[in-house]
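Throughout, protein chains are lettered first and strands after them, A, B, ... in sequence-line order, and every chain is numbered starting at 1. When reading the values below, keep in mind they use all heavy atoms of this one structure, side chains included, and skip hydrogens, waters and symmetry mates.
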Amino acid sequence: MSIQSENTFQAIISHAKEYGFVFPSSEIYDGLSAVYDYGPYGSELKKNIRDYWWKSMTQMHENIVGIDAAIFMHPTIWKASGHVDNFSDPMIDNKDSNKRYRVDHLIEAKADQLTAAGKSEEAATLIATMEALLAAEDFGGLKKLIEDHKIVCSVSGTGNWTDVRQFNLMFSTEFGAVSDNEEDNKVYLRPETAQGIFVNFLNVQKTARMKIPFGIAQTGKAFRNEIVARQFIFRMREFEQMEMQFFVRPGTEGTWYQYWKEERLKWHLSLGLPATKYRYHDHVKLAHYAKEACDIEYEFPFGFKEVEGIHSRSDFDLTQHQQYSKKKQQYFDNDIDESTGKPYGNYVPYVVETSIGLDRMFLLLLSNAYEEEVLTKEDGTTDTRVVLHLPAKLAPVKLAVLPLTKKDGLPELAQQLMRECKPYFHCFYEEKDAIGKRYRRQDAIGTPFCVTIDHQTKEDGTVTIRYRDSMLQERVAMSALKDLVMKEIF
RNA sequence: GCGGAAGUAGCUCAUUUGGUAGAGCGGUAGCCUUCCAAGCUUCAGGUGGCCGGUUCGAGCCCGGUCUUCCGCUCCA
């Protein structure tokens, strides 16, 4: 029985803070908007998710290898990828309708009106002025131009505008200590990890002697200067991605797209997460690089939201890099094409991408795990416990070792068990407070197994293992414990 | 970015019209107990988000700012 209150999300955020999973960044300085830090248990959980993903990609697929590319990359990469151009347009908002316009679209529409009214000369002047101002990045001038021509919002009909702003979602900084010209030294913090894979495509293919089809996996931080970043760690300005780019022969991308679409959902379900909380969302409107795209969505407390994306990116990225870098990004395919009897030969591979947000996966697990459970005690009274039903293989702490008392040599036996298990998985030792209280503390951080050492342990070498989800207890040999836990977390 | 709401101890919240802040839970140290948050004792923890204004006096009134949540917008 669970209390699914409407404040579940709030409760999860509080719990994450109270038990050392997630803290607001720079909290003693009032925090930094949409930036969060992971605490002792949070960093363990996050690392476990990352490791599980990494292993499922690289270790479990012989044709997938990993890399770890730098966050700084050559500025031209972002021109080639389309990130610079697609987000360099100045925008303006109407304060009454809250509708946002691209400044050039707004002014061009006005020019069209003028032309239609027979004032084509005025229209031409307007366009020329606009282009000069855009080239000079004179945002004040652009706003004035809009106001001077009494351009109004088509929804509200008013000319109540905000200032003109440039919404580039990439963070930039200067590269190198001495700078004569800021633009020359401008570098971006990567807005996605994928490009680090694309630009290393040939390095990896050659050195790891990979044959198509093959994949390159990477986890790492990415940065986006989101206009609105909210919902706890769901949308942050600094976040971590786990991406895999799968390079395939042109013409086979549809099959591989289907394959990874299904494979990735299976990965989620392999963690024991409920299928009913998942759904696919196929994209109708596609990004500039995409051929096919879908999201794997999960039902968070605030609704169905994207956790992972699977995109068929065609040869867009490699072709762009080939063009901008003037280095061929081709692969020679020695396999025989049955229709011609000859090798497939040189081509730019197509790419199917799987891209999952690590922080979103973290929030997903926390949302799924959190429960305020009502317990009915033997005397009929009720009690509640807060428990995180995290998958055992991802839990920050796997085993809590708890001597029933701190006397009679029980701590010594418990320490012996600690020494035995510590090298294999994360253990936690505690002898303070009543046993029930210690169980509850472990429930709150999602520890799947607690072990109690009592007086009987001294006589027959058995201990009590207590399971987090069922709260059931069993007597098992202390010597069997390590293997018992190992079996559950692998 | 626009609109709405909120910010008091680690968490959840009190503090009746302005008079220099309390509780429960949690934490800590110890006693006692020993299989599901028992009890007793000890201690720690807040310049009321921050800055300014009004006032003899501000957690409370006013302005600004930061942060968070909700709706809209955005999300290559």
task = Report the distance from atom CD1 of Ile445(A) to atom C1' of rA37(B), rounded to the nearest whole Å.
result = 15 Å
task = Indicate whether OP1 or OP2 belonging to rC66(B) is found under 4.0 Å from a side-chain N or O atom of Ser33(A).
result = no
request  = Tell me whether the guanidinium CZ or amine NZ of Arg468(A) lies under 6.0 angstrom from the six-membered ring centre of Phe449(A) and within 45° of its axis.
outcome  = no
task = Nearest-nucleotide wise, let me know which of Asp443(A) and Ala34(A) is further upstream toward the 5' end of RNA chain B.
result = Asp443(A)
ask   = Does Tyr280(A) have Lys261(A) sitting over its ring (NZ/CZ under 6.0 Å from centre, angle to axis within 45°)?
value = yes
query = Got a donor-acceptor contact below 3.5 angstrom from the Lys398(A) side chain to the Ala392(A) backbone?
reply = yes
inquiry  = Suppose we call a contact any N or O donor and acceptor under 3.5 Å apart; does that hold for the side chain of Arg438(A) and the base of rC36(B)?
reply    = no
task = Would you sketch RNA chain B in dot-bracket for me? Only Watson-Crick or G-U wobble pairs with both distances under 3.5 Å count, crossing pairs as [ ], other-strand pairs as |, the rest as dots.
result = (((((((..((((.....[..)))).(.(((.......))).).....(((((..]....))))))))))))....
remark   = Met170(A) CE to rC75(B) P, in whole Å, measures 15 Å
message = Rounding to an integer number of Å, can you tell me how far Leu472(A) CG sits from rC36(B) P?
response = 13 Å
ask   = Given atom CD of Glu27(A) and atom C1' of rC50(B), what is their separation to the nearest angstrom?
value = 14 Å
query = Considering only side-chain heavy atoms of Tyr36(A), which listed nucleotide, rU28(B), rU68(B), rC70(B), is closest?
reply = rU68(B)
Distance, rounded to the nearest Å, where Asn225(A) contributes CG and rC74(B) contributes P = 18 Å
key: rC36(B) OP1/OP2 closer than 4.0 Å to side-chain N/O of Lys437(A)   = no
request  = Decide yes or no, distance alone: a donor-acceptor N/O pair under 3.5 angstrom between the base of rC35(B) and the side-chain of Asp454(A).
outcome  = yes
task = Taking atom types as modelled, find out whether Thr462(A) and Asp460(A) have a side-chain donor-acceptor pair closer than 3.5 angstrom.
result = yes
note = Rounded to whole Å, the CD1-P distance (Ile12(A) to rC11(B)) equals 17 Å
message = From CG of Leu410(A) over to P of rC35(B), roughly how many Å is that when rounded to an integer?
response = 12 Å
ask   = With a 3.5 Å cut-off and just heavy-atom distances, do the side chain of Thr464(A) and the base of rC35(B) make a donor-acceptor pair?
value = yes
Distance-only donor-acceptor test, Arg385(A) side-chain atoms vs rC36(B) base atoms, 3.5 Å = no
task = Identify whether NZ of Lys or CZ of Arg in Arg224(A) sits under 6.0 Å from the centre of the six-membered ring of Phe239(A) and within 45° of that ring's axis.
result = no
ask   = Is the ring centre of Tyr298(A) less than 6.0 Å from the ring centre of Phe300(A)?
value = yes
ask   = What about Tyr439(A), does its side chain sit under 3.5 Å from the base of rC35(B) through a donor-acceptor pair?
value = yes
ask   = Quick one: does NZ or CZ of Arg190(A) land under 6.0 Å from the six-membered ring centre of Phe223(A), within 45 degrees of the ring axis?
value = no
query = Has Arg264(A) got its NZ or CZ under 6.0 Å from the middle of the six-membered ring of Trp267(A), at an angle within 45 degrees of the ring axis?
reply = yes
note = note: Glu18(A), atom CD; rC13(B), atom P; distance rounded to Å ~ 12 Å
ask   = Would you say a side-chain N or O of Arg475(A) is under 4.0 Å from OP1 or OP2 of rC35(B)?
value = no
